[in-house]
Enquirer: 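My questions will all concern the structure given below.
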Amino acid sequence: SVAATDHKDKLASFSNYGITNAHVAAPGVSITSTTPRTTTSAMTSYGISTNYSALSGTSMAAPHVSGTIALLFSQNPTNSLSVAQIKDRIISRGDPVEGLVGKVKVNTRLNVFNVLNANWQPAPPAFKLLPVVIDDAPQGNNDDIANPGETLNLGTQFVNWGQQQATNVTAQITSTSTDVTILSTSPATLWNINPTGSQTALFQVRLNSSLADNAVIPFEFVVRYNGSQEKRLPYSLVITKSQPRTETPANFQIGEMKAD
């Protein structure tokens, strides 16, 4: 199926999505379309004008894909590509979009030129940091919240949303803050990461005990790959001070029972 995106390459609020069933995305917001020359009751209820109107929906996105396939056949009248090959070309030659990671099969938005281009080359590796998982079990109260003075394990997952394999990948955590001590000083080895693939790593840090409530600690995860390539992924950790537990007086004497 085809998901719909807007002019900023964002997934449309109404769009279907899912890495299993949404194979590619295409523009589907405010698309100029032909309309009947005579106004119908349905057009009136939806505010659609005659002749031409801007419409939105996956029903606007899907025709972009159908039209691309028609162009592919017109370019190659004796086309020998199978249905599976055409489908693969549509999906794999789209532009990789970071915001479509986890939403569309290989996080691509349709690119008609790429589908028709005999000299097309896949996009280079690119990295996205998925939500970080906080574990304060090492030296904390085990509530999975960053409290002052705790030692935390930060569970990370790095996704390659490009179209080429990233080789010899490493990741390292850094911070400019003096309120945190980086305990994991050596880079984590992530090996090779294929397109749409991911690898996980664990980094340990210790928080200053004097940190205030709602303080923000800035981090950067530095991903190095392909020998000399580097990507810096920012991450902010918000501090939450543990709140003292309050006891409500029972308001009755020992040995006395009181019904609610």
Enquirer: Indicate the atoms forming the closest heavy-atom contact of Lys103 with Ala22, along with that distance.
Expert: O-CB, 3.9 Å

Enquirer: Do you know the tightest heavy-atom contact between Leu190 and Phe158?
Expert: CD1-CD1, 3.7 Å

Enquirer: Apply the hydrophobic cluster definition, ILVMFWY joined by side-chain contacts under 4.5 Å directly or through others, and give me every member besides Val83.
Expert: none

Enquirer: Hydrophobic cluster mates of Val101, side-chain heavy atoms under 4.5 angstrom, ILVMFWY only, any path?
Expert: Leu130, Val159, Trp161

Enquirer: Quick check: does any side chain N or O of Gln157 sit under 3.5 Å from a backbone N or O of Pro131, one acting as donor and the other as acceptor?
Expert: no

Enquirer: I'd like to check His7 versus Ser30 (side-chain heavy atoms, cut-off strictly below 4.5 Å). Are they in contact?
Expert: no

Enquirer: Where do Gly162 and Pro195 come nearest, in terms of heavy atoms and distance?
Expert: O-CB, 3.4 Å

Enquirer: Look up atom CZ in Arg109 and atom CG in Asp95, then write down how far apart they are to the nearest 0.5 Å.
Expert: 4.5 Å

Enquirer: Can you see which heavy atom on Ile217 is nearest to which on Ser177, and at what distance?
Expert: CD1-OG, 3.7 Å

Enquirer: Contact between Ile90 and Lys87 at the side-chain level, heavy atoms closer than 4.5 Å - yes or no?
Expert: no

Enquirer: Can you tell me how far CD of Gln121 sits from CZ of Arg93, rounded to the nearest 0.5 angstrom?
Expert: 9.0 Å

Enquirer: Find the distance between CD (Gln199) and OG1 (Thr170) and round it off to the nearest 0.5 Å.
Expert: 12.5 Å

Enquirer: Checking Asp135 now: which residues fulfil salt bridge (charged side-chain N to carboxylate O under 4.0 Å, His left out) with it, not counting sequence neighbours?
Expert: none

Enquirer: Taking ILVMFWY side chains as joined if any heavy atoms are under 4.5 angstrom apart, and letting links pass through other members, which residues group with Val104?
Expert: Leu11, Tyr17, Val97, Leu100

Enquirer: With rounding to the nearest 0.5 Å, note down the distance linking CG in Leu202 to OG1 in Thr156.
Expert: 7.5 Å

Enquirer: Going hydrophobic residue to hydrophobic residue with side-chain gaps under 4.5 angstrom, can you get from Ile145 over to Leu154?
Expert: no

Enquirer: With a 3.5 Å distance limit and no angle check, can you tell me whether Asn226 reaches the backbone of Gln229 through a side-chain donor-acceptor pair?
Expert: no

Enquirer: Taking Thr58 for its side chain and Ser15 for its backbone only, find out whether a donor-acceptor pair lies under 3.5 Å.
Expert: no

Enquirer: Answer with yes or no whether the side chains of Asn16 and Ser1 bring together a donor and an acceptor at under 3.5 Å.
Expert: yes

Enquirer: Determine whether Leu71 and Val2 fall in the same hydrophobic cluster, where Ile, Leu, Val, Met, Phe, Trp and Tyr are linked whenever their side-chain heavy atoms lie under 4.5 Å apart.
Expert: yes

Enquirer: Taking it one step at a time, do Thr240 and Asp213 satisfy side chain to side chain contact (heavy atoms under 4.5 Å, CB included)?
Expert: CA-CA 5 Å; Thr240 302; Asp213 196 28; 4.1 Å; yes

Enquirer: To the nearest 0.5 Å, what is the distance between CG on Asp6 and OG on Ser13?
Expert: 9.0 Å

Enquirer: Quick check: is Val238 connected to Leu207 through a chain of hydrophobic side chains (ILVMFWY, heavy atoms under 4.5 Å apart)?
Expert: no

Enquirer: With heavy-atom distances below 4.5 Å as the criterion, would you say the side chains of Leu81 and Phe73 are in contact?
Expert: no

Enquirer: Once the angle between the rings of Phe203 and Phe221 is folded into 0 to 90°, is it parallel (under 30°), tilted (30 to 60°) or perpendicular (over 60°)?
Expert: tilted

Enquirer: With hydrophobic residues grouped by side-chain heavy-atom distances under 4.5 Å, do Tyr235 and Val169 end up in a single group?
Expert: yes

Enquirer: Are more than 12 heavy atoms from other residues, nucleotides or ligands located less than 6.0 Å from atom CD1 of Ile134?
Expert: yes

Enquirer: Taking the side chain as everything from C-beta on, heavy atoms only, tell me whether Val180 gets closer than 4.5 Å to Phe219.
Expert: yes

Enquirer: Between the side chain of Asn160 and the main-chain N/O of Gln164, is any donor-acceptor distance below 3.5 Å?
Expert: yes

Enquirer: Restricting to salt bridge (charged side-chain N to carboxylate O under 4.0 Å, His left out), what partner residues turn up for Asp143, sequence neighbours left out?
Expert: none

Enquirer: Can you confirm whether more than 12 heavy atoms, excluding those of Tyr52, are under 6.0 Å from its OH atom?
Expert: no

Enquirer: Other than Ile31, which residues form its hydrophobic cluster under the rule that side-chain heavy atoms must be closer than 4.5 Å?
Expert: Met43, Tyr46, Ile48, Leu55, Met60

Enquirer: Hydrophobic cluster membership, with links at side-chain heavy-atom distances under 4.5 Å among I/L/V/M/F/W/Y: are Val223 and Ile182 in one?
Expert: yes

Enquirer: Is there a donor-acceptor pair under 3.5 Å between the side chain of Thr108 and the backbone N or O of Ile91?
Expert: yes

Enquirer: Are more than 12 heavy atoms from other residues, nucleotides or ligands located less than 6.0 Å from atom NZ of Lys128?
Expert: yes

Enquirer: Output yes when a side-chain donor or acceptor of Glu150 lies under 3.5 Å from a complementary backbone atom of Asn147, and no otherwise.
Expert: yes

Enquirer: Measure the shortest side-chain to side-chain distance between Thr50 and Arg37 over non-hydrogen atoms and say whether it is less than 4.5 angstrom.
Expert: no

Enquirer: If you look at every heavy atom in Gln163 and Gly94, which pair is closest and at what distance?
Expert: NE2-O, 2.9 Å

Enquirer: Apply the test side chain to side chain contact (heavy atoms under 4.5 Å, CB included) to residues Tyr225 and Ile193: give CA-CA distance (whole Å), side-chain angles for both, the deciding distance (0.1 Å), then the verdict.
Expert: CA-CA 9 Å; Tyr225 58 98; Ile193 306 180; over 6 Å; no

Enquirer: Can you confirm whether Asp144 sits close enough to Asp136 that some side-chain heavy atom of one is under 4.5 Å from a side-chain heavy atom of the other?
Expert: yes

Enquirer: Does the Asn192 side chain pair with the main chain of Asn168, one donor and one acceptor, at a distance under 3.5 Å?
Expert: yes

Enquirer: Are any of the side-chain heavy atoms of Ile239 and Pro148 separated by less than 4.5 Å?
Expert: yes

Enquirer: Taking all heavy atoms of Lys105 and all of Thr196, pick out the closest pair and write down the distance.
Expert: O-CG2, 4.4 Å

Enquirer: Nearest 0.5 angstrom please: Gln204 CD to Gln139 CD, how far?
Expert: 7.5 Å

